[in-house]
**Student:** 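Please read through the structure below; I'll follow up with questions.
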Protein chains: 2
Amino acid sequence: MKVPSVEVERRLAQFKAASRKGGVKLTHQRLEIFREIAASLEHPDAETVFRGVQRRVPTVSLDTVYRTLWRLNDLGLITTRCPRRESVRFDANLSRHHHFVCTRCGLTRDFESGEFDELRIPESVRALGHAETTQVEVRGVCLRCAKETKTKRGIATKKEEP
Amino acid sequence: MKVPSVEVERRLAQFKAASRKGGVKLTHQRLEIFREIAASLEHPDAETVFRGVQRRVPTVSLDTVYRTLWRLNDLGLITTRCPRRESVRFDANLSRHHHFVCTRCGLTRDFESGEFDELRIPESVRALGHAETTQVEVRGVCLRCAKETKTKRGIATKKEEP
DNA sequence: CTATTTGCAAATAATTTGCAGTGCG
DNA sequence: CGCACTGCAAATTATTTGCAAATAG
């Protein structure tokens, strides 16, 4: 599975516009780093983004990836997640969305839901601050892990995300 | 603000029971490490837990804190969060709960909501896996940050969590 | 042109591991 | 008593920084 290229292009266009407005330069590396996240369903971490970009821009350096990612994050052009023990992961989906997280393997996927976008905030939250948006994380077992359970009953095998 | 001591004791009792059942030893350090998280509203990181425990158990070491936290996490006795750029934070609130996160300072507070516990899962999630629970993250501006904005119009000052 | 951004290499911070001794059950 | 747990110190990551050269606008 991949992010449809139409959607990738849409994200890229939005990114370019926002970059110009934000006064950041549109370098080759920066564009490719963004593209890498925008095209991925995996919410990749810095290292993974680096390896992906490296295939297209062999001279790119890991520190540029780190710098760029945090820079884009500060500008609000991407956001961060960290579903599990490992390092921070990045998300270029700026549309309102929610997450499905597999409690076995950590697989994290976006999904949209108008209903979840409009949740009524409980009274008690008033005491904490002024609520602006809600994001729901649905936890469960992904299809692949569920299938594995059926085959080799209950042995939680460590594995990579698809 | 602090977690009421009745609640801390309840969490401790639950922890002791679960530890015995899980076959892990109830050492002094382990108990104090758990107490530190159980008594905190802040979802502290490893370093912070370490400093807190150190006041009561001066000989405790940072690596024991790390090992213990991940051990407890693996046993399901605590959970993890990482609301911002900094390192992973831990949560000893095992009751069903949701989070309010301040987008300015990162303050994270638990709250309960029967309504949020029972959200109807959208159809589209079926394609991803078998949903089990939902956790809502409400994002907004905490009271303290909101107050600051009113005083010094719009300058986002960096600050510690309360 | 000139302020940003990059790549490199080196520094720092965060986290994990090996090992010998300690203590819970 | 034995095995899980601890503290120490050293190792390993992960991430950040300083600086000179490169480049977008």
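The sequence lines fix the lettering, A, B, ..., with proteins before strands; numbering per chain opens at 1. Just so it is clear, the values below take in all heavy atoms, side chains as well, and ignore hydrogens, waters and symmetry mates.
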**Student:** Whether A:W70 contacts D:dT16 is assessed here as follows: a side-chain N or O lying under 4.0 Å from the phosphate OP1 or OP2. Is that the case?
**Tutor:** yes
**Student:** Hey, are the side chains of B:T48 and B:E42 touching, using non-hydrogen atoms and a 4.5 Å cut-off?
**Tutor:** no
**Student:** Show me the side-chain donor-acceptor pairs of residues 128-139 of chain A shorter than 3.5 Å, one per line, residues at least two apart or across chains.
**Tutor:**
residue: A:T134; atom: OG1; partner: A:F116; partner atom: O; Å: 3.1
residue: A:Q135; atom: OE1; partner: B:R139; partner atom: NH1; Å: 3.3
residue: A:Q135; atom: OE1; partner: B:R139; partner atom: NH2; Å: 2.7
residue: A:Q135; atom: NE2; partner: A:H97; partner atom: O; Å: 2.8
residue: A:Q135; atom: NE2; partner: A:H99; partner atom: ND1; Å: 3.4
residue: A:E137; atom: OE1; partner: A:R81; partner atom: NH2; Å: 3.2
residue: A:E137; atom: OE2; partner: A:R139; partner atom: NE; Å: 2.9
residue: A:E137; atom: OE2; partner: A:R139; partner atom: NH2; Å: 3.1
residue: A:R139; atom: NH1; partner: B:Q135; partner atom: OE1; Å: 3.3
residue: A:R139; atom: NH2; partner: B:Q135; partner atom: OE1; Å: 2.7

**Student:** Between A:N73 and A:T79, which heavy-atom pair has the shortest distance, and what is it?
**Tutor:** OD1-CA, 3.8 Å
**Student:** Under 4.0 Å, heavy atom to any atom of DNA chain D: which of residues 13-30 of chain B qualify?
**Tutor:** B:V24, B:K25, B:T27, B:Q29, B:R30
**Student:** End-to-end bend of the helix from C:dC1-D:dG25 to C:dG25-D:dC1 (five-pair axes, 10° rounding)?
**Tutor:** 60°
**Student:** Are side-chain heavy atoms of A:W70 and A:T80 found at a separation under 4.5 Å?
**Tutor:** yes
**Student:** Keeping the roles fixed (side chain from A:T68, backbone from A:T64), state whether a donor-acceptor pair exists under 3.5 Å.
**Tutor:** yes
**Student:** For A:E36, does its backbone N or O pair with a side-chain atom of A:S40 as donor and acceptor, under 3.5 Å?
**Tutor:** no
**Student:** Excluding sequence neighbours, so at least two apart, what forms side chain to side chain donor-acceptor pair (under 3.5 Å) with A:E118?
**Tutor:** none
**Student:** Round to the nearest Å and state the distance from B:E47 atom CD to D:dA14 atom P.
**Tutor:** 19 Å
**Student:** Taking the side chain of B:R71 as heavy atoms from C-beta outward, which of D:dC5, C:dT5, D:dT16 is closest to it?
**Tutor:** D:dC5
**Student:** Which residue, A:L62 or B:T64, contacts DNA chain D at a nucleotide closer to its 5' end, judged by nearest heavy atom?
**Tutor:** B:T64
**Student:** So which protein nitrogen or oxygen atoms get under 3.5 Å of nucleotides 8-12 of chain C's nitrogens or oxygens?
**Tutor:**
residue: C:dC8; atom: N4; partner: A:D63; partner atom: OD2; Å: 2.6

**Student:** If only side-chain N and O atoms count, and only distance matters, is there a donor-acceptor pair under 3.5 Å linking A:H43 with A:N93?
**Tutor:** no
**Student:** Look up atom CD in B:Q29 and atom OG1 in B:T59, then write down how far apart they are to the nearest 0.5 Å.
**Tutor:** 6.0 Å
**Student:** C:dT16 phosphate, OP1 or OP2: any side-chain N/O from B:Y66 under 4.0 angstrom?
**Tutor:** no
**Student:** Of A:L77, A:L69, A:D91, which meets side chain to side chain contact (heavy atoms under 4.5 Å, CB included) against A:I37?
**Tutor:** A:L69
**Student:** Whole angstroms only, please: what is the CG-P distance between B:L31 and D:dT6?
**Tutor:** 11 Å
**Student:** Which residues pass the side chain to side chain contact (heavy atoms under 4.5 Å, CB included) test with B:K25, not counting sequence neighbours?
**Tutor:** B:T27
